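Comments concern the structure below.
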Amino acid sequence: MIENYNLFLLVLGVAFLLGTFFPIFFKQWPISLPMLQVSFGVFMGYWWLSLPFLDPIENGLVIEKLTELVVLVSLVGAGIKLDTPLKWPLWRPTLRLLLITMPIGIFLMGALGYYAFGLSLGAAILLGAALAPTDPVLASSIQVGPPNTGNEDTTRFTLTSEAGLNDGLAFPFVYLAIKIAEAASQGQGISAALLFNWFTHDVLWKIIVGVLVGIFVGKLVAKLVFSDMARETTLSQGYTVIALTLLAYGFAELAHSYGFIAVFIAAFAFRRSECDHDYHKALHDFAEQSEGLLMSLVLVVFGIVIGQAMVSGLELTWRVYIVSLVFLLLIRPIGGMIALRGLNLHRSEKYAISALGIRGLGTLYYLSYALNQGFFDKSDALKLWIVCIIVILISIFIHGVSAPKLLKLTPKPKS
C-alpha cells in the first residue's frame, strides 16, 4: 500500500475537488455527493489494478478507528444543530423511533440473517444491530440546518435527533451479539446470568452513565466557553468542538459507558446554553466541514473496496439483494409507520421520517468493532461484510435520489 501512497493522495484530491464543485455542476442532477464519491471510488477500485486488495476483514482495526472518528464528529455536529428544546411532545416521534422502530429492525433483520444466510445466532443479532440505526453521517443532508436559522421542521428534527441517539442505543445489541458469540466459542449456550449481566451492565449502566457524562461535560464546557473571562476574546471553534467530543467520549469510555451517547448529549447540553449565541453556528460550521472531509475519505475507500470486489469476480446470490431491498423498502418504513401511528403528524411527514432511515458509516463501525473482538467465525464475518456493504450501497443511491423529493412534500417549518 505504501508504494501507492502518493497516487492515493492524488485520488483523494480529485474526490475532494468533486466535493468543492458539486453544488455548481450537479445542482440540477438527482444525485447526492455520497453517490458521486462512492461511484468515483468504485471506478478507481475497478481500474487501479496495482493497488493491493483492501480486505475489510484483514483491515478491521483501521476501519473501526477511522469510522469511529467520522461518527464522533457527526454526532457532535448533530447535537449542536438542534434548536428544539427538550420537551416531551416535541421529542415523542424520536423516542418512538428509538424504542419501537429500531428493535423491530434489529429483530427482523436478525431473523433474515439467520434463516436466509445461515448466520449463527450471535452473527444474526450483530447484523440487525449494525443495520438498524439511522446513520448520522450520510443522513446529514436530510438533517436540520445550522443553529438559529429556523430550518427545523418536524421531519428534519426527528431524523437528526434519531440519528444522534440511536448510534449509542444500538450498542447494547452489539454487545449482546458479542456475548452470545463468545459463549458459543466456549461451547456454552445463552444463560440467565449472561442475559442479566447484559441487561444490568450493557443496557442500564452504560446508557445511564453515558447520558450523565454527556450532560456534565456539555454543561461544564459551556460554562467555561460562555464565562465572563472568555467573552473578552474570540475562542477557536475548532478547539472547542474537538475538546467537547474527546472529553465526553473519553470520560464515558473510562466509566465503561457509551461514548457515542455521551458525545451527542454533551453537544446538545452545550447547545442549550446561551441558545441564541452566534458561537453555536461557528461550532456547527467547523463540525460540518470536518465531517464532510472525513466522510469523503471513507466513501472513496468504501467505493474502492467495492470496485476491487467486482474485479475479483465475487459473485453475490439473489438473497443478498432481496434481503437488502426488503430491509430498506419494507422493514424500516413499516417499522417507522408503526412507531409514528397516532401522533399528530401529517401523513407526508410520517412517510418521509419512516422511509429515510439511511444506512451508512456507523454500520461499518459496529461491524468492525464486533468482529475485532475475535469471537465470530470467518465465514460469518464474510457474510456480514457482504450484506452490510450491499445495504449501505443501495441505501446511498435509493435515499440519495428519493430524499429531496420526499422532503419537498413535508410541511415547511413555521417562521
Side-chain angles (χ1 to χ4, degrees), residues 1-15 18 34-67 70 109 112-113 116-120 123-124 126-127 130-131 135 138 295-328 359-372 374 376-398 400:
M1 180 68 182
I2 192 67
E3 63 271 15
N4 296 281
Y5 177 71
N6 291 330
L7 185 54
F8 185 68
L9 292 182
L10 177 61
V11 169
L12 290 181
V14 174
L18 289 174
M35 292 167 59
L36 183 64
Q37 292 179 324
V38 166
S39 299
F40 175 70
V42 171
F43 177 81
M44 295 306 304
Y46 190 85
W47 293 106
W48 187 4
L49 300 180
S50 63
L51 182 69
F53 183 66
L54 303 178
D55 189 338
I57 296 178
E58 297 297 327
N59 296 280
L61 186 60
V62 175
I63 296 173
E64 177 190 336
K65 296 307 178 184
L66 182 58
T67 52
V70 183
M109 194 62 193
L112 287 174
F117 303 117
L119 295 174
S120 64
L126 175 59
L127 179 64
L131 288 173
D135 186 63
L138 296 184
M295 178 192 71
S296 297
L297 168 63
V298 177
L299 287 178
V300 171
V301 175
F302 179 72
I304 289 175
V305 172
I306 296 174
Q308 291 180 326
M310 293 168 61
V311 174
S312 68
L314 178 66
E315 295 184 2
L316 303 179
T317 65
W318 59 268
R319 289 186 181 89
V320 176
Y321 299 106
I322 295 297
V323 168
S324 300
L325 290 172
V326 166
F327 178 72
L328 293 172
R359 312 299 113 174
L361 306 188
T363 293
L364 300 180
Y365 171 75
Y366 297 125
L367 188 56
S368 58
Y369 174 85
L371 295 179
N372 287 341
F376 295 88
D377 293 336
K378 191 169 184 179
S379 61
D380 279 345
L382 180 59
K383 293 176 183 177
L384 288 167
W385 274 115
I386 290 174
V387 175
C388 288
I389 286 175
I390 294 300
V391 170
I392 295 170
L393 181 63
I394 294 176
S395 175
I396 288 174
F397 282 86
I398 288 180

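Hydrogens, waters and symmetry mates play no part in the numbers below; they use all other heavy atoms, side chains included. It should be emphasised that the depicted structure is a prediction, and the values quoted were computed from it without experimental measurement.
Note that the SG atom of Cys388 and the CG atom of Leu364 stand 7.5 Å from one another [nearest 0.5 Å]. Atom CD1 of residue Ile396 and atom CD of residue Gln37 lie 10.0 Å apart, to the nearest 0.5 angstrom. The structure places CG of Asp377 at 12.0 Å from CG of Leu382, a figure rounded to the nearest 0.5 Å. To the nearest 0.5 Å, the span separating CG on Leu328 from CD1 on Ile398 amounts to 5.5 Å.
Listed here is the closest heavy atom pair of Ala123 and Leu384: O-CD2, 3.5 Å. Nearest approach of Leu127 to Gly113, heavy atoms of both residues: CD2-CA, 3.8 Å. Heavy atoms only, all atoms of each residue included: Leu126 and Tyr366 are closest at CD1-O, 4.3 Å. The nearest pair of heavy atoms linking Gly45 to Val311 is O-CG2, 4.1 Å. Nearest heavy atoms, Met35 versus Phe397: CE-CD2, 3.6 Å. The shortest heavy-atom contact between Gly360 and Ile392 is O-CD1, 3.3 Å.
Between Leu299 and Leu361 there is a side-chain heavy-atom pair separated by less than 4.5 Å. Between Met109 and Val323 there is a side-chain heavy-atom pair separated by less than 4.5 Å. Within the 4.5 Å cutoff, no side-chain heavy atoms of Met295 are placed close to those of Val298. No side-chain heavy atom of Asp380 sits under 4.5 Å from any side-chain heavy atom of Phe117. Residues Val301 and Phe8 meet the side-chain proximity criterion, which asks for heavy atoms closer than 4.5 Å. Side-chain contact between Asp135 and Thr363 is absent, with no heavy-atom pair separated by less than 4.5 Å.
Annotation: ring-ring contact (aromatic ring centres under 6.0 Å, His included) contacts of Phe302 (sequence neighbours excluded): none.
Within 6.0 Å of OH in Tyr46 there are 12 or fewer heavy atoms belonging to other residues, nucleotides or ligands.
Pairs of residues two or more places apart, or lying in two chains, that qualify as side chain to side chain donor-acceptor pair (under 3.5 Å) and include a residue from residues 381-395 are Ser395-His399.
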Inset, instruction - Please assess Leu12 against Leu297 for the test side chain to side chain contact (heavy atoms under 4.5 Å, CB included), listing each intermediate value before the final yes or no. - result: CA-CA 7 Å; Leu12 290 181; Leu297 168 63; 3.5 Å; yes
Legend entry - Step-by-step side chain to side chain contact (heavy atoms under 4.5 Å, CB included) determination, Ile394 to Arg359: CA-CA 9 Å; Ile394 294 176; Arg359 312 299 113 174; over 6 Å; no
Hey, can you pull the donor-acceptor pairs under 3.5 Å for the side chains in residues 54-63, sequence neighbours left out?
residue : atom : partner : partner atom : Å
Asp55   : OD1  : Ile57   : N            : 2.9
Asn59   : ND2  : Asp55   : O            : 2.8

